[in-house]
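Each remark here refers to the structure printed beneath this line.
We're numbering straight along the sequence, starting at 1. Just follow the structure's listing: the first ligand is 1, and inside any ligand the first atom is 1.
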Amino acid sequence: MATIGFIGLGNMGLPMALNLAKAGHVVRGFDMAETQIQALVAGGGAAATSAAGAVDSAEVIVTMLPAGQHVRTVYGDSVIGRAPKGTLLIDCSTIDVESARAVAADAEAAGLPMVDAPVSGGVAGAAGATLTFMVGGADAAFKRAEPFLQAMGKTIVHAGGSGNGQAAKICNNMMLGISMVAVSEAFVMAEKLGLDTARLFAIASKASGQSWAMTSYCPVPGLVESAPSNRDFKPGFTASMMLKDLLLAQDAAEASNASTPLGHEAARLFKEYVESGHGAVDFSGIIQMLRER
Ligand code: NAD
């Protein structure tokens, strides 16, 4: 069992840290919010009084932070240059590919193996230790990280070198954002054409229009029991988070000279939805904006 420093105990980080503690590791956690640290302590973890304090005497550092600038700051100020050589670094935040690669390069130059390991599966997956991890980094770092990721998730996939975990995550979420808009458009059009949405669902879920956005997360209520549309679009995965990922995808498309016209349009639509006051609503709620147009 290892001593793990865990930085960023938010909606995702706290249940992930608790699962590492449940697996028998010593987990010393830090967050800007004291309540989150106390929740970790209540669940069997230990408190650190600063990010640097979480790093001291840890063999493994796990971070779950909001965005690229937080990851650059925490690693630059408190981890790299402080953690002893050989300490394994695992960043599970969803951030831009460029920041992930820059931080990993600095870490490796300091003798610290690092993987980027963003997740899919949301808060329920974090609580139930059923997350999917998309991992970027060298083979040896991946092998060392795997048992820790297994304590927090179910599916662990090595996507290649540094930053490739983030690349996989934004490619996946760009497909999801586009397909949620596509499903929403089709179901609203069905309503307007007088086609019963339950019948469209029965047909399209067995035909070539099938997608996860429809069969696991249908934006029309009454068709998929676990979908947020049945709970007044309570998230789930917020529209703000989807917008963040679609904007990361647009940055990556620009940096790599990839043509993503539908990704661009999905980002524009989710921006409109978030800016009209729906950032905290589940992303599948975008169907309401399309219906009202
Ligand atoms: P969150 O805002 O609930 O948690 C982030 C935490 O980081 C907060 O508690 C904040 O206080 C803390 N923090 C920020 N700066 C810090 C610093 N310098 N030192 C210590 N703590 C600091 O966000 P979340 O929902 O837990 O998401 C975290 C990451 O996971 C994001 O990158 C997000 O895109 C990704 N993600 C979230 C979901 C989801 O459904 N919530 C799903 C997949 C991926």
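- Interface atoms of ligand 1 facing V119, defined by a heavy-atom separation under 4.0 Å, are 43 (C), 44 (C).
- A salt bridge between E265 and R268 is present, with a side-chain N of the basic residue lying under 4.0 Å from a carboxylate O of the acidic one.
- R101 and S162 share no side-chain donor-acceptor pair at under 3.5 Å.
- Every atom of ligand 1 is numbered from 1 in the order shown, and the set under 4.0 Å from a heavy atom of F30 is 19 (N), 20 (C).
- With a 4.0 Å cut-off on non-hydrogen atoms, K169 touches ligand 1 through its side chain and not its backbone.
- Checked by distance only, ligand 1 and L65 come closer than 3.5 Å through their nitrogen or oxygen atoms.
- Here the protein heavy atom with the shortest distance to atom 30 (O) of ligand 1 is M64 CE, 3.1 Å.
- The pair E185-R293 fails the salt-bridge criterion, with no side-chain N (NZ, NE, NH1 or NH2) lying under 4.0 Å from an Asp/Glu carboxylate O.
- Remark: ligand 1 atoms within the under-4.0 Å shell around heavy atoms of V74 are 17 (C), 18 (N).
- The shortest N/O to N/O separation between D245 and ligand 1 does not fall below 3.5 Å.
- Looking from atom 16 (C) of ligand 1 to the surrounding protein, the closest heavy atom is M32 CG, 3.4 Å.
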Note to self: Could you go through R82 and D77, starting from their C-alpha distance and side-chain angles, then the distance that decides it, and tell me whether this counts as salt bridge (Lys or Arg N to Asp or Glu O under 4.0 Å)?
What the structure shows: CA-CA 9 Å; R82 186 173 187 102; D77 294 353; over 6 Å; no
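- Every residue was checked against the side chain to side chain donor-acceptor pair (under 3.5 Å) condition with R144, not counting sequence neighbours, and none meets it.
- At distances below 3.5 Å, not a single donor-acceptor pair connects side-chain atoms of N173 with backbone N or O atoms of D245.
- Protein heavy atom in closest approach to atom 40 (O) of ligand 1: G122 CA, 3.5 Å.
- In terms of polar-atom proximity, P66 is counted as a contact of ligand 1, with an N or O under 3.5 Å from an N or O of the ligand.
- T197 and E191 share no donor-acceptor pair across their side chains, judged by distance under 3.5 Å alone.
- Nearest protein neighbour of atom 27 (O) of ligand 1, counting heavy atoms only, is M12 CG, 3.9 Å.
- The protein heavy-atom contact nearest to atom 4 (O) of ligand 1 is G10 CA, 3.3 Å.
- Not a single heavy atom of A51 sits closer than 4.0 Å to an atom of ligand 1.
- Shortest contact from atom 25 (O) of ligand 1 to any protein heavy atom: M241 CE, 3.3 Å.
- Using a 4.0 Å threshold on non-hydrogen atoms, atom 2 (O) of ligand 1 does not count as touching the protein.
- Residues Q250 and E254 have side chains that never bring a donor and an acceptor to within less than 3.5 angstrom of each other.
- With hydrogens and angles left out, the side-chain atoms of T215 and Q210 include a donor and acceptor closer than 3.5 Å.
- Here H25 and F148 bring their ring centres to under 6.0 angstrom of each other.
- Of all protein heavy atoms, the one closest to atom 44 (C) of ligand 1 is T94 OG1, 3.6 Å.
- Screening residues 156-181 for ring pair (Phe, Tyr, Trp, His ring centres under 6.0 Å) gives F142-H158 as the qualifying pairs, with residues at least two apart or on separate chains.
- One side chain, D282 or Y217, offers a donor N or O that lies under 3.5 Å from an acceptor on the other.
- Between D31 and ligand 1, an N or O atom pair is found at a separation short of 3.5 Å.
- Here is the list of ligand 1 atoms found below 4.0 Å of a heavy atom in K244: 31 (C), 32 (O), 33 (C), 34 (O).
- In this structure, T73 does not count as a contact residue of ligand 1, since none of its heavy atoms falls inside 4.0 Å of the ligand.
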